[in-house]
Amino acid sequence: MAGVIFLFFIISMLFLVGAFYNLKLANSASSYPPKHLLKKRASVLAIGGLTSLLIAFLLYYIQ
């Protein structure tokens, strides 16, 4: 069970790092994907990261 919880924490970290990276690209002067697509991608990654973080905490406290 500890391995599954660790996996959810790692997945949430990767999603949140990806969200911050896409937000950084959206705030740069010029980027190939349009800014609205980068912001949409960042929001989807952030929602996925927060959801997996919530699942990880839920499993941690149930254990």
Side-chain angles (χ1 to χ4, degrees):
M1 188 67 165
V4 174
I5 295 169
F6 181 72
L7 180 69
F8 273 109
F9 276 121
I10 294 297
I11 289 172
S12 68
M13 182 190 69
L14 290 175
F15 276 144
L16 292 174
V17 166
F20 287 128
Y21 177 73
N22 281 306
L23 277 177
K24 188 181 90 169
L25 282 179
N27 290 330
S28 67
S30 63
S31 60
Y32 167 65
K35 291 184 188 283
H36 70 278
L37 286 178
L38 289 172
K39 289 179 183 178
K40 183 186 268 189
R41 188 182 299 166
S43 67
V44 168
L45 286 171
I47 290 170
L50 291 176
T51 303
S52 60
L53 188 65
L54 179 69
I55 291 171
F57 278 128
L58 184 69
L59 289 175
Y60 181 74
Y61 285 117
I62 287 175
Q63 179 187 1

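Only this structure's heavy atoms are used, side chains among them; waters, hydrogens and symmetry mates stay out. Residue indices begin at 1 and follow the sequence shown. Here the structure is a predicted model, which is why all the values come from computation and not from measurement.
Under the 4.5 Å side-chain heavy-atom criterion for ILVMFWY residues, no single connected hydrophobic cluster contains both Y60 and F6. F9 and F15 fall into different hydrophobic clusters, where Ile, Leu, Val, Met, Phe, Trp and Tyr are joined by side-chain heavy atoms under 4.5 Å apart, directly or via other members. Tracing side-chain contacts under 4.5 Å through hydrophobic residues (I, L, V, M, F, W, Y), one never reaches M1 starting from L58; they form parts of separate clusters. In the hydrophobic cluster analysis, where Ile, Leu, Val, Met, Phe, Trp and Tyr join through side-chain heavy atoms closer than 4.5 angstrom, I47 is grouped apart from L50. Using a 4.5 Å cut-off between side-chain heavy atoms of Ile, Leu, Val, Met, Phe, Trp and Tyr, with links allowed through other members, L53 and I55 fall into the same hydrophobic cluster.
Surrounding NZ of K24 are at most 12 heavy atoms belonging to other residues, nucleotides or ligands under 6.0 Å away.
In plain terms, the two heavy atoms of A19 and A46 that are nearest each other are CB-N, 3.8 Å. In terms of heavy atoms, K39 sits closest to A26 at CG-CB, 4.0 Å. Closest non-hydrogen pair, R41 versus N22, comes out as CD-ND2, 3.5 Å. Scanning all heavy atoms of the two residues, the minimum distance from I5 to Q63 falls at CD1-OE1, 3.0 Å. Scanning all heavy atoms of the two residues, the minimum distance from A56 to F8 falls at CB-CB, 3.6 Å. Residues V4 and L59 share a closest heavy-atom pair of CG1-CD1, 4.2 Å.
Separating the CG atom in L25 from the OG atom in S30 is a distance of 10.5 Å, to the nearest 0.5 Å. For the atom pair I10 CD1 and S52 OG, the distance stands at 10.5 Å (nearest 0.5 Å).
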